[in-house]
Asker: 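Here you go, one structure.
Since the model is a prediction, treat every value here as computed from it, not as a measurement.
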Amino acid sequence: MNALHFRRTAVAVAAAAVLPFTLAACSESGKDSAAGSTASTDSSASQPATPDASMATDKPFGPACAGVPADGAGSFDGMAKDPVATAASNNPALSTLVTAVKQAGLVDTLNNAKDITVFAPTNDAFAKIPKADLDKVLADKATLTKILTYHVVGEKLTPKQLENGSFDTLEKTKVTTAGSGEAYKVNGTSSVVCGNVKTANANVYIVDTVLMPK
């Protein structure tokens, strides 16, 4: 009887000794689980809710982009399928530029070039030039070629590169750019009115003033 009583007492003492450690372990496990849950929640909360900046700047931007057709060959999707001279010919706002390119015999040169940037003056940009002067330039192939090739850079430029840039043109002199966000100027005077337009072989920045080589 005394032996049985002793064994029961020993079991009770052992259980009492083990129980606090078991409870502590459960408590720590619960804390770890809760901490893991919190960390997971914090991690989820830290994720950006909007697309990153690189995705945003990869799209065309600028006030004149609103005038680009929503579909068809002259739309952004349509122009992306054609080389640059062909793409420009499908945009009504660039008809004077297209006429000038044809006059200079540069259609094939631009369409066959690889990875270029074109600063494309709008019809309104050409309209800033007195008609007599414009007609004279259009009739002078050498001068016209010089002006048009000054609008072409031999690499695809991203908006980021335009923030403070200086680039060699096909005309062999430099063009400069400055700005940020969706506001950029070329040579300090010509504003980009619809930028980052993609064609099959070029990035196009439509500008509101014709650039003149120095």
Asker: Would you indicate whether the side-chain heavy atoms of D58 and T158 approach each other to under 4.5 Å?
Answerer: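 No, their side chains stay 4.5 Å or more apart.
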Asker: Excluding sequence neighbours, so at least two apart, what forms side-chain contact (heavy atoms from CB on, under 4.5 Å) with A93?
Answerer: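 With sequence neighbours excluded, A93 shows a side-chain contact (heavy atoms from CB on, under 4.5 Å) to N91, given in chain and number order.
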Asker: Where is the tightest heavy-atom contact between V204 and V84, given as atom of each residue plus distance?
Answerer: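 Reported closest heavy-atom pair: CG2-CG2, 3.8 Å.
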Asker: Is the backbone N or O of N90 less than 3.5 Å from a side-chain atom of D82, with the two atoms forming a donor-acceptor pair by type?
Answerer: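 Answer holds: no.
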Asker: Could you check whether any side-chain heavy atom of L138 comes within less than 4.5 Å of a side-chain heavy atom of L144, counting everything from C-beta outward?
Answerer: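 Heavy-atom side-chain distance check passes, below 4.5 Å.
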Asker: Are the side chain of N196 and the backbone of Y205 linked by a donor-acceptor contact shorter than 3.5 Å?
Answerer: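 No.
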Asker: Do L94 and I206 have side chains that get closer than 4.5 Å, going by heavy atoms?
Answerer: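 When only atoms from C-beta onward are counted, I206 and L94 do touch, with a gap below 4.5 Å.
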Asker: Show the nearest heavy-atom pair for residues F167 and E155, with the distance to one decimal.
Answerer: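 Nearest pair, atom of F167 first, then E155: CD2-OE2, 4.1 Å.
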Asker: Using the rule given for salt bridge (charged side-chain N to carboxylate O under 4.0 Å, His left out), can you reason through K81 versus D77, listing the C-alpha separation, both sets of side-chain angles and the distance that settles it, and then say yes or no?
Answerer: CA-CA 7 Å; K81 298 174 183 176; D77 288 341; over 6 Å; no
Asker: Checking side-chain polar atoms at under 3.5 Å, does K128 have a donor or acceptor matched by the opposite partner on T209?
Answerer: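 Present: a donor and an acceptor within the cut-off.
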Asker: Within the 4.5 Å heavy-atom criterion, are D208 and D124 side-chain neighbours or not?
Answerer: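 D208 does not reach D124 side chain to side chain.
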Asker: Between H151 (side chain only) and P121 (backbone N and O only), is there a donor and an acceptor less than 3.5 Å apart?
Answerer: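 Side chain of H151 to backbone of P121: no pair is present.
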Asker: Mind checking whether T149 and T169 have side chains closer than 4.5 Å, heavy atoms only?
Answerer: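 In short, these two side chains do not touch, never coming nearer than 4.5 Å.
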Asker: Looking only at heavy atoms, what is the nearest atom pair of T145 and A104, with distance?
Answerer: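 The answer is OG1-CB, 3.6 Å.
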Asker: Looking at N203 and L157, would you say the former's side chain and the latter's main chain have a donor-acceptor pair under 3.5 Å?
Answerer: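 Looks like yes, one N/O pair under 3.5 Å.
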Asker: Do I129 and M212 touch side chain to side chain, with heavy atoms closer than 4.5 Å?
Answerer: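 With C-beta onward as the side chain, the pair touches.
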Asker: Would you say the side-chain atoms of Y150 pair up with the backbone N or O of K174, donor to acceptor, closer than 3.5 Å?
Answerer: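 Flag set: sc Y150 to bb K174 pair under 3.5 Å.
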Asker: Show the nearest heavy-atom pair for residues F61 and C65, with the distance to one decimal.
Answerer: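 Heavy atoms of F61 and C65 come nearest at O-SG, 3.2 Å.
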Asker: Can you give me the closest heavy-atom contact between N201 and P83, atom names plus distance?
Answerer: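 Minimum heavy-atom contact is OD1-CA, 3.4 Å.
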Asker: Examine distances only and state if a side-chain atom of S190 and a backbone atom of V186 form a donor-acceptor pair shorter than 3.5 Å.
Answerer: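 The answer is no, because no donor-acceptor pair under 3.5 Å joins these two groups.
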Asker: Go through the structure and list residues passing side-chain contact (heavy atoms from CB on, under 4.5 Å) with K146, not counting sequence neighbours.
Answerer: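 Expected list: E171, P213.
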Asker: Any side-chain heavy atom of T177 within less than 4.5 Å of one from F119?
Answerer: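 Touching, per the 4.5 Å side-chain cut-off.
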Asker: Return yes if some donor-acceptor pair links the side-chain N/O of T143 with the main-chain N/O of D140 below 3.5 Å, else return no.
Answerer: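 Side chain of T143 to backbone of D140, a donor-acceptor pair under 3.5 Å: no, none is there.
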Asker: For residues K156 and T117, is any side-chain donor paired with an opposing acceptor at under 3.5 Å?
Answerer: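 Distance-only check fails for K156 and T117.
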